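Down below is the structure, laid out as structure tokens.
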Amino acid sequence: MVNPTEPIIIIGAGVFGLSTAYELSSRGYKNITVLDRFLPPVPDGSSVDISRIIRMEYADPVYHQMAQEAMQGWKTSFKDYYHHSGFAILSETSSNPYIEKILQITEAQGGSLDASPNANSLKKMYPDIRADYSALNAYHNSDGGWADAEGSIRHLANLCKINGVSFITGKRGTVQTLQKEGGRVNGVNVLSGEFLPTSKVILAAGAWSNLLLDMSYAASASGQPVGFIQLTPEEASNLQRIPVMINLTSGIFAFPPQPGTNILKVARHSYGFGTAIKSDDGGRIVSSPKRDSNNANQSFLPEEADQALRDGLRQLLPEFANHPWSSLRLCWYTDTPEGDFIIDHHPTLKGLFLATGGAGHAFKFLPVLGRYIADCFEHRASAALRQKWRLRLPDSKKEVKIGDGSRAGPAFRILSPEEQSKL
Ligand SMILES: *[C@@H]1O[C@H](CO)[C@@H](O)[C@H](O)[C@H]1NC(C)=O
Ligand SMILES: *[C@@H]1O[C@H](CO)[C@@H](O)[C@H](O)[C@H]1NC(C)=O
Ligand SMILES: *[C@@H]1O[C@H](CO)[C@@H](O)[C@H](O)[C@H]1NC(C)=O
């Protein structure tokens, strides 16, 4: 057990790091420091921008249960950041194995999902849908919607500050390497040149985790395209009554415009893009966003991803297909073989705990994630959960592949050096 007065360093101020910091500080841990390159909301992190899908549909019973618990949190303590717009899955086929499992589990748990062989039926509830969806099946849940990612992360960071959590950012908050001695991690070396000693390091660096620990066989970063369009107030008000929609055949999804800013967001849940960059601990080549600059600063997307978002928009919301992007970015998933998180004491290195591997679906759990992570940290979680979220050791299977069956779109591709220079 960790003594509550001993220092804990958490690397990463995204949803994993902050929810852990908040929960551990609430449980009486007194010396917690969160390190990140930027203050949260971290501008190129995966816990930012205007929206994240909050859905309850899961083909996996553990996440299904967590999603129900999280929804309670979104409707109470985080209600200022939650928009209950409804959620619809569209699919060209009715025999998608992912959807079938979702239907089974939803029913087994006493819930229900409206299934319709003609997605135009959504228009009864959502009159601002104007395109023809008749070739698609729809699975709809009015109990779902989206969260203001940046707003809820800012709120969570404030809760951490109120609990006495310290934050270090900039060069002093940018970890270069973990310091190891005698089979134990005893601190971190940061970009300012200092060594910060600690009793426990919690690695919650998301897509950047591989730069600090050789775990590319267990988790790998993939950038997923996101586009934003500035609507006029009139355009936005004519688009309020749509649900969050994902076309499961293309992976493209879209949100209702954000109230206040009138920004429309469209993105793709797919296999994504990788990079090839060198780590500071011996020059391993890993897929990771850049460490020392803001990866969202140049508003860059690979050409074909830009085109795919356009095409997706033309199909889902054709009236906006030719509106210019106000900005673009890659959102960095930390993919794992079955889409399971990695929340575990490192099996061989003492002093190191991991809370990462969001696999593109962790954000919705913000209200409850810290509790699950802290239970694993304190060895209180069930054996089944600890097994599910364990850090695997390397085995013969070199390649990490990817996700829980919900992805669509083209295969994973490593960006060219020229493309990478634009991040
Ligand atoms: C927290 O831990 C650090 C690192 O060991 C130490 O320098 C600092 O004095 C501790 N702070 C408190 C309030 O105990
Ligand atoms: C963002 O880009 C501008 C201009 O390209 C540059 O001056 C600035 O330092 C960048 N900011 C970050 C945080 O990388
Ligand atoms: C869904 O995606 C498929 C495959 O790209 C496409 O053929 C279809 O038109 C899309 N439908 C909608 C409404 O987005």
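Keep in mind it's a predicted model, so treat the numbers as computed, not measured. Counting starts at 1 for both ligands and their atoms, in listed order. Numbers for residues simply follow the sequence, beginning at 1.
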query = Is the centre of the Tyr372 ring less than 6.0 Å from the centre of the Phe341 ring?
reply = no
ask   = Does a donor on one side chain sit under 3.5 Å from an acceptor on the other, for Ser209 and Thr356?
value = yes
Side chain to side chain donor-acceptor pair (under 3.5 Å) partner of Arg37, chosen from Asp44, Asp292, Asn294 = Asp44
query = Under 4.0 Å from any heavy atom of Leu316, which atoms of ligand 3 are there?
reply = 14 (O)
inquiry  = Can you report which non-hydrogen protein atom sits closest to atom 14 (O) of ligand 3, along with the distance?
reply    = Asn247 ND2, 2.9 Å
request  = Could you tell me the residue and atom name of the protein heavy atom closest to atom 5 (O) of ligand 1, and the distance to it rounded to 0.1 Å?
outcome  = Pro7 CG, 3.4 Å
ask   = Where's the contact between Ile252 and ligand 3, heavy-atom distance under 4.0 Å: side chain, backbone, both or neither?
value = neither
remark   = Residue, atom and distance of the protein heavy atom nearest atom 6 (C) of ligand 1 read Asn31 ND2, 4.1 Å
task = Looking only at distances, please establish whether an N/O atom of ligand 3 is found under 3.5 Å from an N/O atom of Glu92.
result = yes
message = Is it the case that the side chains of Tyr271 and Asp335 hold a donor-acceptor pair, with the cut-off being a distance below 3.5 Å and no angle test?
response = no
ask   = Which heavy atom of the protein is the closest neighbour of atom 4 (C) of ligand 3, given with residue, atom name and distance?
value = Thr249 CG2, 3.7 Å
task = Could you tell me which atoms of ligand 3, counted from 1 in the order shown, lie closer than 4.0 angstrom to a heavy atom of Tyr133?
result = 13 (C)
request  = Report yes or no: do Asn163 and Ser26 form a side-chain donor-acceptor pair below 3.5 Å?
outcome  = yes
inquiry  = Closer than 4.0 Å to some heavy atom of Ser250 - which atoms of ligand 3 meet that?
reply    = 2 (O), 5 (O)
query = How far is atom 13 (C) of ligand 3 from its nearest protein heavy atom, and which residue and atom is that?
reply = Leu136 CD1, 3.3 Å
query = Does Leu309 reach the side chain of Leu301, with side-chain heavy atoms less than 4.5 Å apart?
reply = yes
request  = Given salt bridge (Lys or Arg N to Asp or Glu O under 4.0 Å), test Arg380 with Glu378 step by step and report yes or no.
outcome  = CA-CA 5 Å; Arg380 293 179 194 219; Glu378 295 187 320; 2.9 Å; yes
